[in-house]
Amino acid sequence: MASDLRRAVVVTLGELGRSDDWRDRADAGHGLAGFAETPEAVEPLLGLVLDQDTFVTRRTAEGLLRRKDRVGLTIVASALAVANDNHADHIHTAIVDVFSIFSDDLDEALRLCEEMSGDTDDRVARGARRLHEGLAEIDPVLRPSERGFDRCCEGADPRRQGQ
């Protein structure tokens, strides 16, 4: 029963993603990202990442990237492989928004992109290399330390470090 309900949600969000209203499409992309592992969600998600309205692009890409898993990264990479410069800029903004905080998240995304760059699907492999390039430019704010996480700030007061 749960799989039937999930499939029904994916179908409904897919229909919402074909709306004439950009707000509906953005909401559909964001919601559909949570179901990205469902095969029926992949094509609508690719379409929404490459939507004519770049707010829809950014919102959908951000939802997929916030999954912080191979499924979300694969869909974003597939879209990035064929994205025009304008879409690529908005996807890059989503990448920075999602991966600029915790270095652990960034490191894992970089590792997954390295694996995906050898994918047998040329589109995924090309997009993964492009995604890796964007991720590699990010200097995350927080890095793990023995106490938890430390801010990564140049020019921080050295007297406060280690407290």
When the side chains of residues 62-73 are checked against the rest of the protein, which donor-acceptor pairs come out under 3.5 Å, sequence neighbours left out?
residue	atom	partner	partner atom	Å
E62	OE2	R66	NE	3.4
E62	OE2	R66	NH2	3.4
R67	NE	D69	OD1	3.2
R67	NE	D69	OD2	3.2
R67	NH1	A33	O	2.9
R67	NH1	G34	O	3.4
R67	NH1	E37	OE1	3.1
R67	NH2	E37	OE1	3.1
R67	NH2	D69	OD2	2.9
K68	NZ	D105	OD2	3.1
D69	OD1	V71	N	3.4
D69	OD1	G72	N	2.9
R70	NH1	E115	OE1	2.7

Does the side chain of [X] reach to within under 4.5 Å of the side chain of [Y], using non-hydrogen atoms?
X: D51; Y: T60; answer: no
X: R7; Y: V10; answer: no
X: P144; Y: D104; answer: yes
X: L80; Y: H92; answer: no
X: L46; Y: V42; answer: yes
X: L112; Y: E108; answer: yes
X: I91; Y: V76; answer: yes

Would you say T38's side chain and E40's backbone share a donor-acceptor pair under 3.5 angstrom?
no
Quick one: does T57's side chain have a donor or acceptor within less than 3.5 Å of a partner on V49's backbone?
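Side chain of T57 to backbone of V49: a pair is present.
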How far does CG of L131 sit from CZ of R126, to the nearest 0.5 angstrom?
13.5 Å
Strictly by ring pair (Phe, Tyr, Trp, His ring centres under 6.0 Å), give each pair with a member in residues 49-83 just once, sequence neighbours left out.
W22-F55
Taking only residues two or more places apart in sequence or in another chain, which ones pass salt bridge (charged side-chain N to carboxylate O under 4.0 Å, His left out) with D20?
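Not a single residue meets the salt bridge (charged side-chain N to carboxylate O under 4.0 Å, His left out) criterion with D20.
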Residues which pass salt bridge (charged side-chain N to carboxylate O under 4.0 Å, His left out) with D97, listed by chain and number, not counting sequence neighbours
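Once residues adjacent in sequence are excluded, the partners of D97 under the salt bridge (charged side-chain N to carboxylate O under 4.0 Å, His left out) criterion are R58.
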Between V96 and E137, is the side-chain contact (heavy atoms from CB on, under 4.5 Å) condition met? List the steps.
CA-CA 9 Å; V96 171; E137 295 173 357; over 6 Å; no
Using side-chain hydrogen bond (donor to acceptor under 3.5 Å, both in side chains) as the criterion, list what pairs up with N86, not counting sequence neighbours.
none
With a 4.0 Å cut-off on N to O distance, would you call D21 and R23 a salt bridge?
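The answer is yes: the pair qualifies as a salt bridge.
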Pairs touching residues 127-136 that satisfy side-chain hydrogen bond (donor to acceptor under 3.5 Å, both in side chains), sequence neighbours left out:
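Matches after skipping sequence neighbours: E114-H132.
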